[in-house]
Protein chains: 2
Amino acid sequence: MATKESPRPGGRSARVQASVHKAVQTLLATLERTEVTVPLIAAEAGVTPSTIYRRWGDLQELLADVAVERLRPDMVPVDTGSFGSDLMAWAEQYAEEMSSGPGREMIRDVLAAQDGSGAYQCCNFTRQQIEVIAERAEERGEVFTDVEAVMDGVVAPIMYRILFGGAPDAAHVERLVTASLASKPAP
Amino acid sequence: MATKESPRPGGRSARVQASVHKAVQTLLATLERTEVTVPLIAAEAGVTPSTIYRRWGDLQELLADVAVERLRPDMVPVDTGSFGSDLMAWAEQYAEEMSSGPGREMIRDVLAAQDGSGAYQCCNFTRQQIEVIAERAEERGEVFTDVEAVMDGVVAPIMYRILFGGAPDAAHVERLVTASLASKPAP
DNA sequence: GCGCTAAAAGCAAATAATTTGCTTTTATGT
DNA sequence: ACATAAAAGCAAATTATTTGCTTTTAGCGC
């Protein structure tokens with residue numbers, strides 16, 4: 001989407017993107033999802049609706065774009081001393097954040113977009129967080145669970161239940177992590 | 001959504017629902033997702049757009065409603081003689097169906113709707129299929145994996161990867177099932 | 001069966017959204 | 001500085017959505 005091309009002639013590009021993103025966040029914080037429209041966002045951002053349509057295509061793509069930015073992790077997983085407790089702490093926080101109203105809406109926005117790249121990015125944000133935990137474990141000389149096994153055993157069940165059923169409770173998350181630690185100790 | 005109330009005065013209800021659903025399926029088979037609009041569906045179904053708006057609210061809810069119907073299982077999982085092979089056969093078919101273009105679009109439609117009940121229903125369709133496999137295992141006197149453990153260990157990873165990354169390949173699905181069979185043999 | 005009733009559907013005007021052709025602005029490379 | 005091409009503005013045209021009101025219909029009591 002935002003490829004690495006060097007900025008070409010003509011763009012107020014970055015400025016508009018920033019104000020539109022901010023406008024979306026402001027409006028989402030205030031109004032119901034169904035009340036947030038492109039013309040409203042345009043007015044709030046001080047741009048023309050056609051600018052938004054031409055840059056993003058439609059409301060869903062814009063909402064997805066904003067949601068991906070907001071889902072980008074802003075901190076490194078806390079270091080609690082071991083792979084197991086790092087993963088447990090991370091998973092608990094992840095489940096809580098994603099289960100929250102705003103979390104669920106952001107995930108929904110990302111998945112609703114036609115362009116699947118947002119979902120892929122989010123998945124990678126998560127994978128990278130786990131890789132950080134794994135790399136620390138490796139530096140400590142620990143035996144630790146394969147990253148893809150954690151994706152399957154911890155991340156996927158949490159996300160599945162948030163999306164398709166009730167959010168998993170803390171005990172469930174703890175069980176998932178424990179099982180993952182026990183089952184596949186291999187890199 | 002479609003509650004079990006006995007039909008009240010006035011509804012051509014069922015007839016309209018059927019023709020609109022059929023129209024949606026016809027159009028989805030022909031056109032790109034972004035080209036399918038409420039007025040088009042209305043014309044194809046021989047109803048007025050306002051009828052659709054009043055019954056379903058918007059296009060997304062209608063698409064979700066249709067997708068849920070299409071995701072409803074139409075057969076019982078095949079009986080291959082044991083819990084393990086039943087689950088393996090079912091998981092392979094499930095992964096294949098859901099990974100397909102139409103499968104992915106239906107899931108997306110279900111999740112994109114404001115009304116989360118469709119996702120919940122789909123999750124239950126899946127759970128019920130696994131329960132059928134589990135009940136057969138119980139009748140045979142087998143030891144078998146808890147249904148929720150299968151949801152976490154097999155269904156969730158398949159769905160997560162379909163939604164967020166590349167679809168899982170056959171070998172991956174096989175590994176998930178094998179691990180699930182090995183890890184939690186209990187009720 | 002016959003009307004009564006209320007839910008659902010039709011119709012059409014009003015509103016809101018999206019698209020589009022054309023003009024203007026602006027960041028970059030020369 | 002100037003030329004250039006990408007991005008943004010503007011406004012008209014199109015398309016989608018909402019809404020008030022009328023008509024049709026299925027179930028209900030008689």
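Given the structure is predicted, the values throughout are model-derived calculations rather than measurements.
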Exercise. Around Glu96(B), counting heavy atoms of other residues, nucleotides and ligands shown, do more than 12 lie under 6.0 Å from its CD?
Worked result: no

For this session: Note the angle between the end axes of the helix from dG1(C)-dC30(D) to dT30(C)-dA1(D), five pairs defining each, rounded to 10 degrees.
Result: 40°

Backbone of [Y] reached by a side-chain donor or acceptor of [X] within 3.5 Å:
X	Y	result
Asp86(B)	Thr80(B)	yes
Arg127(A)	Glu148(A)	no
Gln129(A)	Met75(A)	yes

Exercise. In whole angstrom, what separates Arg54(B)'s CZ from dC11(C)'s C1'?
Worked result: 10 Å

For this session: Starting at atom CD of Glu35(A), determine the distance to atom P of dT18(D), rounded to an integer number of angstrom.
Result: 12 Å

With a 4.0 Å limit, can you tell me whether [X] has a side-chain N or O closer than that to the phosphate oxygens OP1/OP2 of [N]?
X	N	answer
Thr51(B)	dG10(C)	yes
Thr48(A)	dG9(D)	yes
Arg15(A)	dA27(C)	yes

For this session: Could you give me the CA-CA distance, side-chain angles and deciding distance for Arg55(B) and Asp65(B), then say whether salt bridge (Lys or Arg N to Asp or Glu O under 4.0 Å) is met?
Result: CA-CA 11 Å; Arg55(B) 267 179 79 104; Asp65(B) 194 34; over 6 Å; no

For this session: State whether the distance check finds a donor on one side and an acceptor on the other, under 3.5 Å, for side chain Arg55(B) versus base dG10(C).
Result: no

Exercise. In chain order, what residues pass the side chain to side chain contact (heavy atoms under 4.5 Å, CB included) check against Glu92(A), with sequence neighbours excluded?
Worked result: Met88(A), Val173(A)

Exercise. Excluding sequence neighbours, so at least two apart, what forms ring-ring contact (aromatic ring centres under 6.0 Å, His included) with Tyr94(B)?
Worked result: Trp90(B)

Please list every donor-acceptor pair under 3.5 Å in which a side-chain atom of residues 31-45 of chain B meets a protein atom from a residue at least two apart or in another chain.
residue: Arg33(B); atom: NH1; partner: Glu105(B); partner atom: OE1; Å: 3.3
residue: Arg33(B); atom: NH1; partner: Glu105(B); partner atom: OE2; Å: 3.2
residue: Arg33(B); atom: NH2; partner: Asp109(B); partner atom: OD1; Å: 3.1
residue: Arg33(B); atom: NH2; partner: Asp109(B); partner atom: OD2; Å: 2.5
residue: Glu35(B); atom: OE1; partner: Glu32(B); partner atom: N; Å: 3.1
residue: Thr37(B); atom: OG1; partner: Leu40(B); partner atom: N; Å: 3.3

Exercise. Do Glu139(B) and Arg136(B) pass the salt bridge (Lys or Arg N to Asp or Glu O under 4.0 Å) test, and can you show the C-alpha distance, the side-chain angles, and the key distance before you say yes or no?
Worked result: CA-CA 5 Å; Glu139(B) 283 168 16; Arg136(B) 277 201 307 245; over 6 Å; no

Exercise. Looking at Ile107(A) and Leu71(A), what are the two nearest heavy atoms and their distance?
Worked result: N-CD1, 4.4 Å

Exercise. With a 3.5 Å cut-off and no angle check, do the side chains of Thr51(B) and Thr48(B) form a donor-acceptor pair?
Worked result: no

Problem set entry | Reading 5' to 3' through nucleotides 13-18 of chain C, protein heavy-atom contacts under 4.0 Å coded B for base, S for sugar-phosphate only, - for none | ----SS

For this session: List in numerical order all residues of residues 19-34 of chain A for which some heavy atom is under 4.0 Å away from an atom belonging to DNA chain C.
Result: none

